[in-house]
Structures are given as structure tokens and as C-alpha cells.
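Take a look at the structure below.
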Amino acid sequence: MNNRQKYHFEPQSGWINDPNGLCHWRGQYHAFFQYNPHAAHWATMHWGHAVSDDLIHWEEKPIALYPDQPYDAPYDNRGGCYSGSAVEADGRLYLLYTSVSRELGQTQSVAWTDDGETFVKYEGNPVIPVFPADGSKDFRDPKVFRYGEKWHMVVASGKDGIGKILHYVADDLFAWTYAGVLFASDKYGPILECPDLFPLGDKWILMFSKTNREKTAVQFLIGGFDGNTFTAETEEFTELGPHYYAPQTFLAPDGRRILIGWMHSFGSLPADDGIRKGGFTIPRQLSIVDGRLCCAPIREAEHLLTDTDENVEITPDAVWVKVREGMKPCRYDGEIRDVKILRDTRTVEVFINGGEAVMSYWIK
């Protein structure tokens, strides 16, 4: 049996979750990812690695980061190299990730590569060894970007039931200074995971994943950022599907802001007699149209789109995805101007009104 996805990245074997370190470097797209190479379930985390020339066809590379240091040492089938991001500086690709061990808990560390094949961990890791008083032991998922003359890092956390995104700044990717709480709210859950902060047009988008939601689990806030403070203006619920989490964005060479998320259903069976589980969404381009955040398939995937599918019902005022027994239906209600569908071996992604709403479903 071979029911591997045709257009969505999956590893040859093992478990995959959050996309990490998305970037374009030395003429190729790179996607790292949370990875358990030993079984089709979550366990001690590694960083897998894949490359692509077109964002549709991916070549899996050797594992980039192993849990092999005291600060990311496995324990009780846990620990290791958790989620993070990648940035280029002076031709070198740096990976910033959450290192997790029994002794130190969740800390932030740095590794790098000069050739995309060999990865070196910084001898001074962890570069952020302790969470600040504003945070807690849930202290993970660093997303790093350049703004002005500084490097900036947003980190997931929470305290006393209030979800938080913490903010750090640095000159050199190694010596980080805590700059305070960037965003906090008890509205979205106790931990705001996998944060991402990026410019889009003349606005900034703060994106994070909500641990207390099954659907609309990814939140987008449109607002402004001045280097110190993010001010939220409107909130968007672009993704409606239940099998979508932990997206990350990066800037393509042509200026497009590209997003890739994790698709997974805990109720689905592992693929191919249990050798792999989980995968990526199709890459999507973000834009703001008439004040609304839109998330549409990249142009490289347009030839894969269809207008109909046996799993999708479309009426003038509603779209919904048929589901297997025991799964909750996913439905969009409102004016329907356009629907595009991307069906793969075991998944379906439905893009409504140019990406004003998206439903991502693992259907088998």
C-alpha cells in the first residue's frame, strides 16, 4: 500500500509536526520540521530537513539537529530539539530552537550551517537559559527576524492562565536581552504557541496557535509594530479547519510572504502500515485585501486546484467538508464568490473567496 501525499511534504517515515526554520537560502527553499524518526508518534524531538526548488516537490535531507547535548538531552521519551526558526547572517544559516532537557527545562539555543549539510551547535548554548519572571516553564518556539538595527525574537509562553508572547532583542543572535511582554491575553488560552510577527503591506501581523481550540486554532492579529510594542487593531479567523496548527511564515526572494502549516488528525491512522504520520499544508501566500487577511495557495500550486470535489459541498451561501464517521463537520457560512479545492491522497484544502477563509482537513 502506498498512500503517501503527492503534493504535500511528508517524511519517508516517522512522525512530523511543526514546520521550523522556513527560509530561502542559497537558491533553494528550506523547510525544517519537528521530527521523531523512530516511530509514527510524538516522542523526543529532532529537526528534520527538506529542500525544494518550487515549494511543491521536496527532497528529504539528513536530520539537521539531534538531541545530543546536555541542554537538549532526551528524558522519559521527551525533551530534545523543539520548534524554532532560521535566519541568514553573513552567508551563514542560523537555526534558533527551543532546547529541552530534564535539568534545564525549556531554553533557547543556536546552531548553524555553512553548507546545508553539516550543523554545528553553539558551544555557549543555551543562549537564553532561564525564562523571565513574566513567563513560565512553558517557554518555547523562538521566531527571529530583523527589524531596524536589531535582531528580534518572539517566544511562546504563558503564566497564571494568561497566554503571552515574550520579546527579546540582540545585536548578534547570541547575546539576547529581554524586552518585555509583546502581547498577553486570557482570551486565547494559557499558552500562545508558535508565535510569528511579520510585516504585510503597511501593517504587521501577529500570528500564534491556541492550545485551547480544536477549530480556529490559529489566530491572526492585524496591527502595528514600532520595534518595541505591537498594537492589535483587528483579529482574523482565516483558517477554519480542525487539522491545522503551528504555521510559520518566511519571505520569498520575490517579496511574497509564504506560510506553511502542520496538517494532522489525531483520529487518523498512520500512513502505509504505520510508518509515517503528519505533513505540511500546501504553501500559501498571505495578503491583505480590503482590510481582510487572505491566505491563498501559492501560484506554483494553481494548476493543482479544482472547482469541485466529492468531499466538498458548495451552495451560494455555505461550504462544508464531508467527514468520516466520528469527525466533526467543518462549515463556512456566508456569501460564496469563489471556491478552489486542493485534494491530495488523504487531505483536502478548501479556499473560499480568494483565501478569506480556508478549511484544512485530513480526511483519511
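- Looking at Asp254 and Arg256, a side-chain N of the basic residue comes within less than 4.0 Å of a carboxylate O on the acidic one, giving a salt bridge.
- Relative orientation of the Phe280 and Trp58 rings is perpendicular, given thresholds of 30° and 60° on the angle between their planes.
- Note: Tyr35 and Phe33 have perpendicular aromatic rings, judged against thresholds of 30 and 60 degrees for the angle between ring planes.
- Here the two rings, on Trp204 and Tyr147, have centers that are under 6.0 Å apart.
- Contact check for Glu239 versus Arg284: side-chain heavy atoms found under the 4.5 Å cut-off.
- With respect to Asp309, the salt bridge (charged side-chain N to carboxylate O under 4.0 Å, His left out) criterion is satisfied by exactly one of Arg343, Lys340, Lys322: Arg343.
- Rounding to the nearest 0.5 angstrom, the gap separating the NE2 atom in His46 from the NE2 atom in His38 is 4.0 Å.
- Here the side chains of Arg257 and Leu259 are not in contact, with every heavy-atom distance at 4.5 Å or above.
- Taking the six-membered ring where tryptophan is involved, the planes of Tyr168 and Tyr178 are tilted, since the angle between them lies from 30° to 60°.
- Contact between Ser13 and Pro37 at its shortest, heavy atoms only, is OG-O, 4.4 Å.
- One finds no salt bridge joining Arg140 and Asp18 here, because no Lys/Arg side-chain nitrogen approaches an Asp/Glu carboxylate oxygen to under 4.0 Å.
- Between Lys121 and Asp68, some side-chain heavy-atom pair lies under the 4.5 Å cut-off.
- Between His49 and Phe32, the ring planes are parallel. Angles under 30° get that label, and only those over 60° would be called perpendicular.
- Taken to the nearest 0.5 Å, the CZ atom of Phe351 stands 11.5 Å off from the OG1 atom of Thr238.
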